[in-house]
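Quick note: residue numbers are just sequence positions, from 1. Just follow the structure's listing: the first ligand is 1, and inside any ligand the first atom is 1.
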Amino acid sequence: MAQAVTELRGVLDGAEPPAGLTHPDLLELYRRMVLLRTYDERSVVYHRQGRIGTYAIFWNHEAIQAGATFALDDRDWIFPSYRESAIGLVRGMPAETILHWWRGHPSGWWNPTDWNVASICVPIATHVPHAAGLAWGKKLRGEDTVAMAFFGDGATSEGAFHEGVNFAAVMNAPAVFVCNNNQWAISTPIEAQTRAESLADKAVGYGIPGVRVDGLDVLAVYEAARAAIDRARSGGGPTLIEAVHYRAAPHATADDPSAYIDAARVEQERARECVGRYEAFLRRAGVLSDERAAAVRAEAEQQLRAGIAAAEAEPAPDPELLFTHAYVDPPGSYRNG
Ligand SMILES: Cc1ncc(C[n+]2csc(CCOP(=O)(O)OP(=O)(O)O)c2C)c(N)n1
Ligand SMILES: [Mg+2]
């Protein structure tokens, strides 16, 4: 059963915004994007100041993260990769929890059931089967909960991606798979990753719908996610969403993309950056004033200031924790003296 792959238009470039979004909804989306952007920009600074460790930058991925999750209910689950490390912010998770994680502190290991946000997944694509399993399990229990997994273009070449999406499709599990196609897997370009013309095309092989969407258009991402979530919740099974953009920042703070990336393309992409593009849309629509925009930014900055202060005030963890769940009887050589 081959399903049509749809190409979605950019809403921010003039098409009608998704139905049903009120002005407060549009502003809440903006607040979430600004919070994510502020978290990301401050984290790069904190890294340079030696206050957090190596950090995976998600600058210009905010439209995908905010747009897709805005269509979820709080009971739905989010499965993030390292690229979506701060996605718990949209559920009200304190900034310090995520900063703890990037500081390598155990206080960054939140209980997933507190937020319905799974642990940050660093191994590529291994959380795709987790999301499929959770979605299937919820279905077996008769709960109408949706699981949404985020992963990159490179992840679609991994076995775990295939196993997870195929399993979810076969079980008709209420899962939504969101591929952030930033066209790079560290220094490997998409052309070296796949012969597929689009990653959404891969959905055809699993017999599920695949959708391509402008990853810098928060409303288009929202619209695609809304449709996929509604389908999943009403028993229609999973959807693969490919959100297309181009990575406009280094892979992580340890990366120097000048060795491989197309600098002119990065400049183009930065000029279309997603928060400013949405802000311009809101201003044109008469939804956002200068005062409101300044207040949203100030609140996000305050959250980050409080977050880093709380993270740095946390006492250092007990080194014993390294062994707590590893050994019943630690070998003598692990002890001093
Ligand atoms: C199983 C596994 N293999 C290799 C790596 C090393 N690695 C870290 S990030 C990355 C690139 C992933 O690219 P993509 O899936 O496109 O996600 P992006 O970083 O672009 O968001 C790789 C190969 C890893 N983390 N896990
Ligand atoms: Mg990528």
Side-chain angles (χ1 to χ4, degrees), residues 36-37 39-41 43-44 47 53-69 78-88 98 101-102 104 117-132 148-165 176-203 210 212-216 221 240-262 265-266 268-270 272-274:
L36 288 167
R37 172 65 55 90
Y39 181 94
D40 185 72
E41 291 187 342
S43 289
V44 173
H47 168 76
T54 300
Y55 169 68
I57 303 158
F58 60 79
W59 197 90
N60 221 15
H61 294 61
E62 298 89 345
I64 301 172
Q65 301 180 12
T69 55
I78 302 171
F79 287 76
S81 82
Y82 53 81
R83 191 68 69 207
E84 296 81 26
S85 65
I87 208 152
I98 308 150
W101 193 88
W102 286 108
V117 177
S119 308
I120 299 165
C121 191
V122 177
I124 305 300
T126 57
H127 58 312
V128 176
H130 301 168
M148 177 179 277
F150 290 87
F151 48 86
D153 42 296
T156 67
S157 301
E158 286 279 359
F161 165 80
H162 165 74
E163 292 160 22
V165 179
V176 177
F177 300 107
V178 181
C179 178
N180 136 50
N181 180 4
N182 60 17
Q183 307 195 42
W184 291 94
I186 313 184
S187 55
T188 301
I190 186 88
E191 305 78 41
Q193 188 74 243
T194 181
R195 291 286 298 272
E197 271 180 35
S198 97
L199 299 175
D201 281 347
K202 297 192 179 203
R212 284 198 112 193
V213 64
D214 177 352
L216 298 187
V221 174
L240 174 62
I241 297 174
E242 176 192 3
V244 186
H245 62 129
Y246 187 90
R247 210 187 70 215
H251 167 77
T253 48
D255 176 38
D256 174 11
S258 67
Y260 60 84
I261 215 161
D262 176 350
R265 180 72 203 276
V266 169
Q268 275 175 20
E269 207 65 8
R270 293 183 79 88
R272 294 184 344 111
E273 65 83 15
C274 64

Shortest non-hydrogen contact from [X] to [Y]?
X	Y	result
Asp214	Val221	O-CG2, 3.6 Å
Ala160	Thr126	CB-CA, 4.0 Å
Cys121	Pro123	SG-O, 3.3 Å
Ala132	Gly164	CB-O, 3.4 Å
Ile87	Val117	CG2-CG1, 4.2 Å
Ile64	Phe150	O-CE2, 4.0 Å

(message) Classify the ring geometry of Tyr260 against Trp184: parallel below 30°, tilted from 30° to 60°, perpendicular beyond 60°.
(response) tilted
(message) Does the protein place a non-hydrogen atom closer than 4.0 angstrom to atom 1 (C) of ligand 1?
(response) yes
(request) Test Ser85 against Trp102 for side-chain hydrogen bond (donor to acceptor under 3.5 Å, both in side chains), laying out the working first. (result) CA-CA 9 Å; Ser85 65; Trp102 286 108; 3.0 Å; yes
(request) Could you name the option among Ile124, Leu199, Ile190 that has the heavy atom nearest to atom 5 (C) of ligand 1? (result) Ile124
(request) Could you name all protein N, O or S atoms found under 2.8 Å from the Mg ion (ligand 2)? (result) Asp153 OD1, Asn182 OD1, Trp184 O
Who's the nearest protein heavy-atom neighbour of [atom], and how far?
atom	answer
atom 21 (O) of ligand 1	Arg83 NE, 3.0 Å
atom 14 (P) of ligand 1	Gly154 N, 3.5 Å
atom 11 (C) of ligand 1	Ile186 CG1, 3.6 Å
atom 3 (N) of ligand 1	Glu158 OE2, 4.0 Å
atom 15 (O) of ligand 1	Ala155 N, 2.9 Å
atom 20 (O) of ligand 1	Trp184 O, 2.8 Å

(request) Would you mind listing which atoms of ligand 1 come within a distance below 4.0 Å of any non-hydrogen atom of Pro123? (result) 26 (N)
(message) Using a 4.0 Å cutoff against the non-hydrogen atoms of His251, which atoms of ligand 1 qualify?
(response) 9 (S), 19 (O)
(message) If you measure every N or O of Val122 against every N or O of ligand 1, does any of those distances drop under 3.5 Å?
(response) yes
Test of understanding: given a 4.0 Å heavy-atom threshold, classify the contact between [X] and ligand 1 as side chain, backbone, both, or neither.
X	answer
Arg247	neither
Thr126	neither
Tyr82	side chain

(message) Under a 3.5 Å cutoff, is there a donor and acceptor pairing between the side chains of Asn60 and Tyr246?
(response) no
(request) Sort out for me which residue in Gln193, Arg265, Arg247 forms a side-chain contact (heavy atoms from CB on, under 4.5 Å) with Gln183. (result) Arg265
Give, for atom [atom1] of [X] and atom [atom2] of [Y], the distance between the pair rounded to the nearest 0.5 Å.
X	Y	atom1	atom2	answer
Met148	Glu84	CE	CD	11.0 Å
Trp59	Asp40	CH2	CG	9.0 Å
Ile124	Ser157	CD1	OG	10.5 Å

